[in-house]
Amino acid sequence: MKTEKIPDGQVISRTPFPASRKIHVKGQLHDIEVAMREISLSETKIHNGFGLTEPNPPVTVYDTSGPYTDPEANIDVKQGLNRLREKWITDRQDVDQLDEISSDYGQQRLADSKLDVLRFSYLNKPYKAKEGMNVSQMHYARKGIITAEMEYIAIRENQRIDLLNEQLGAQYEVMSHQHKGHSFGANTPKGYITPEFVRSEVAAGRAVIPCNINHPELEPMIIGRNFLVKINANIGNSAVTSSIEEEVEKAVWACRWGADTIMDLSTGKNIHETREWIIRNSPVPIGTVPIYQALEKVNGKAEDLTWELFRDTLIEQAEQGVDYFTIHAGVLLRYVPLTAKRVTGIVSRGGSIMAKWCLAHHKENFLYTHFEEICEIMKAYDVAFSLGDGLRPGCIADANDEAQFGELETLGELTKIAWKHDIQTIIEGPGHVPMHLIKENMEKQLEHCSEAPFYTLGPLTTDIAPGYDHITSAIGAAMIGWFGTAMLCYVTPKEHLGLPNKKDVKDGVITYKIAAHAADLAKGHPGAQYRDNALSKARFEFRWEDQFNLSLDPDTAKEFHDETLPADGAKIAHFCSMCGPNFCSMKITQDVREYAAKQGVDEQEALQKGMAAKSKEFTEKGSEIYL
Ligand code: IRN
Ligand code: FE2
């Protein structure tokens, strides 16, 4: 067998973001340190002739990049990340550490494989709930317990520690951090998320915290419509083009640009090892579609799948630490004929596998008939359900049809069963849906699935732009996010065309960050707008570097600016190459304000005068817009 080379630290992206550093906020209820990113800003020059300046306080942002962007973090991919949750988990005293892996396949891999990846010493000893115990966050939440994970999330979601303290009379503190007492400008909506609010949302099933007890490396996050809208990035090899090494880097890369969760959709022969690598080195929750690996085990023959084999696969992956499973249990035998007249039939991979199995055996989907047994596995490790939309529409013509909504009703029925076992559950959604049909999706999901979080793939709002489907889908994603979808599954520019490369992954993630943030603004999430305000203020004051540093993708912003004005001086110039020095509206407004201050007239009056002057200048220069 070919041995995969273990990547050394060098291949993993570790560059910190410009003008940024990691800060850690200490918990109040638990011994936790919540990681965030702080962007420092330059001063504002006050134009009053005295050369005075005014400081701009640093901006703290939600950070998914994990320790990779922290130059002080000691990272060795051969060891995996620091197991920060391990103590939280063992302190609850409801888990046992097993002597060995209990899935047959996992044991076999361990015995057969000479792959370096299996050197992780603790791999042989996964955690599992003690007999009869349930270790899901929903279970704790319903018992009224605020876990360390919940407090972590409350601090993280707020971003603005000053407001949290003010509202709670608490004293959350930033550790090893010189700028105590943040203040972030006046025009930000006030609001806060408390640890108790996190608990109550999880208890109600309106939010989930994907956090397998065997993935102690993750930094807890929450998926729910009363929190920041999250995004998922799919990664996965194809046998031909990718190595394990590249897969780990792809995960780290996706997190760097803002992926809140990663789904490992790997297929092929080293799937177990690939997943181990990714989980051990991932600061974000990992999801999988276990039926893919089960299919691999029966050499791609869907009809050969059995419940026993699937069950073993679930245990194998749960013991590795997968945080959520896509389970296509809603693809019922009776729905399959409803897809016959569709333009694109069944487009879900998992959905088509289950449909094929159902038809071959003329039996009900075994994921449906064994659902309660699946629940027993989920609660022993705290794996969350992502109930798959195996019948989602694959084109505009098929949107909102009977097959799609029939399955959605079944997913609602399964949600109730999962909740009976206190299993955290999210619901997967479409797909391809034109804008005017999007709202109905959200309304029906809320109604049928009792407000369990919705997690959609886009939706793509048109089919005519292959090569640009990150955009066709971000339009739908922004809309459905605004309507209440909790997590958006990204689509890359390569969708429908090929396997995404590194650039595609970044483009997909940034595009979805935009959709998610646009939805957060529209929903009025407390704290969402302050970054916009800080960036706009920097833009207006021609603090170019600050504008780059506050942006989602500082590298590209700077690169584009450099393309036409590469000189260092241009980074302090009061114009850019778009309008040039004479026609910058922001410059004109500033001139007007200064003029008004000097003249002692009000801005309105000055504007009249100033605009008249500019109009004269414009006419004199020949009234050309593009010089
Ligand atoms: C998200 C919402 N609906 C589907 N998804 C994602 O699509 C799902 O979580 C998985 O990552 C991917 C492929 O799923 P299928 O094609 O097996 O359904
Ligand atoms: Fe599609």
Side-chain angles (χ1 to χ4, degrees), residues 208 210 223 230-236 251 254 259-267 285-296 302 322-331 339 342-357 365 367 384-399 403-404 407-408 411 425-434 441-442 445 449 452-470 472-473 476-477 480-481 485-498 500 508 512:
V208 311
I223 304 167
K230 303 304 188 297
I231 67 164
N232 169 69
N234 289 335
I235 58 170
D260 294 285
T261 74
I262 299 280
M263 287 199 78
D264 174 19
L265 304 185
S266 297
T267 53
I286 299 294
T288 61
V289 189
I291 201 77
Y292 297 175
Q293 191 187 5
L295 187 71
E296 209 69 64
V322 174
D323 302 288
Y324 64 98
F325 287 155
T326 293
I327 304 276
H328 296 88
V331 181
T339 63
R342 279 179 163 185
V343 173
T344 55
I346 297 177
V347 295
S348 151
R349 272 209 273 180
S352 61
I353 295 166
M354 292 322 297
K356 195 169 170 206
W357 187 92
N365 183 338
L367 302 173
F385 272 120
S386 184
L387 296 177
D389 58 338
L391 302 178
R392 66 171 171 270
C395 65
I396 292 298
D398 296 343
Q404 186 199 333
E407 180 188 47
L408 185 63
L411 298 184
T425 304
I426 59 179
I427 310 292
E428 296 191 1
H432 292 238
V433 183
N441 277 272
M442 192 68 230
Q445 191 272 343
C449 303
F454 205 19
Y455 161 42
T456 60
L457 184 59
L460 287 77
T461 50
T462 168
D463 299 340
I464 65 166
Y468 298 87
D469 279 330
H470 56 316
T472 62
S473 67
I480 207 160
T485 289
M487 183 155 81
L488 308 169
C489 185
Y490 89 163
V491 171
T492 75
K494 289 278 165 64
E495 182 75 10
H496 303 119
L497 302 172
Y512 270 67

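When a ligand or atom number is given, it counts from 1 through the structure's own listing order. As the structure is a prediction and not an experimental result, all values here were calculated from the model. This chain uses plain numbering: 1 for the first residue, then up along the sequence.
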Using atom types as modelled and distance alone, determine if a side-chain donor or acceptor of D264 lies under 3.5 Å from a backbone N or O of T288.
no

Out of all atoms in ligand 1, which are within 4.0 Å of some heavy atom of G350? Include the element for each.
15 (P), 17 (O)

Look only at interatomic distance and state if V289 has a nitrogen or oxygen under 3.5 Å from any nitrogen or oxygen of ligand 1.
no

Among non-hydrogen protein atoms, atom 7 (O) of ligand 1 lies closest to L457 CD2, 4.0 Å

Would a distance-only check, ignoring hydrogens and angles, find a side-chain to backbone donor-acceptor pair under 3.5 Å from T461 to T472?
yes

Kindly give the atom name of the N, O or S atom of H432 closest to the Fe ion (ligand 2).
NE2

I want to confirm something. Looking only at heavy atoms, which of Y292, F325, Y490 is nearest to atom 17 (O) of ligand 1?
Y292

Is it the case that ligand 1 has an N or O less than 3.5 angstrom from some N or O of S386?
no

Keeping N365 on the side-chain end and V331 on the backbone end, is there a donor-acceptor pair under 3.5 Å?
yes

Within 4.0 Å of some non-hydrogen atom of G429, the atoms of ligand 1 are 2 (C), 3 (N)

With nothing but distance in play, are any N or O atoms of C489 less than 3.5 Å from an N or O of ligand 1?
no

Would you check if the Fe ion (ligand 2) lies under 2.8 Å from any N, O or S atom of C395?
no

With atoms numbered from 1 as shown, which atoms in ligand 1 lie under 4.0 angstrom from a non-hydrogen atom of H328?
15 (P), 17 (O), 18 (O)

Which atoms from ligand 1 have a heavy atom of T326 less than 4.0 Å away?
9 (O)

Determine which of the N, O or S atoms in H496 is closest to the Fe ion (ligand 2) and give its atom name.
NE2

Has the side chain of Q445 got a donor or acceptor atom that lies under 3.5 Å from a matching backbone atom of A452?
yes

Select one of side chain, backbone, both or neither to describe which atoms of N234 lie under 4.0 Å from any atom of ligand 1, heavy atoms only.
side chain

Test item: T456 side-chain N/O and G458 main-chain N/O as donor-acceptor pair under 3.5 Å:
yes

From the list T425, N232, I286, side chain to side chain contact (heavy atoms under 4.5 Å, CB included) partner of Y324 resolves to N232

Answer with yes or no whether G351 contacts ligand 1, where contact means a heavy atom under 4.0 Å from a ligand atom.
no

What protein heavy atom sits nearest atom 3 (N) of ligand 1, and how far away is it?
D389 OD1, 2.9 Å

Quick one about D398 and Q404 (side-chain donor to acceptor, distance below 3.5 Å, no hydrogens or angles considered), yes or no?
no

Best match, E428, M354, R349: closest heavy atom to atom 8 (C) of ligand 1:
E428

Take the angle between the ring planes of Y512 and Y490 and call it parallel below 30°, perpendicular above 60°, tilted in between.
perpendicular

Please evaluate residues E407 and H328 with respect to the criterion side chain to side chain contact (heavy atoms under 4.5 Å, CB included), reporting the C-alpha separation (whole Å), side-chain torsions for both, the decisive distance (0.1 Å), and the verdict.
CA-CA 10 Å; E407 180 188 47; H328 296 88; 5.6 Å; no

Between D469 (side chain) and V491 (backbone), is there a donor-acceptor pair under 3.5 Å?
no

So is there a nitrogen or oxygen of S348 less than 3.5 Å from a nitrogen or oxygen in ligand 1?
yes

Is a side-chain donor-acceptor pair under 3.5 Å present for E428 with T326?
yes

Which protein heavy atom lies closest to atom 10 (C) of ligand 1, and at what distance to 0.1 Å?
M263 SD, 3.9 Å

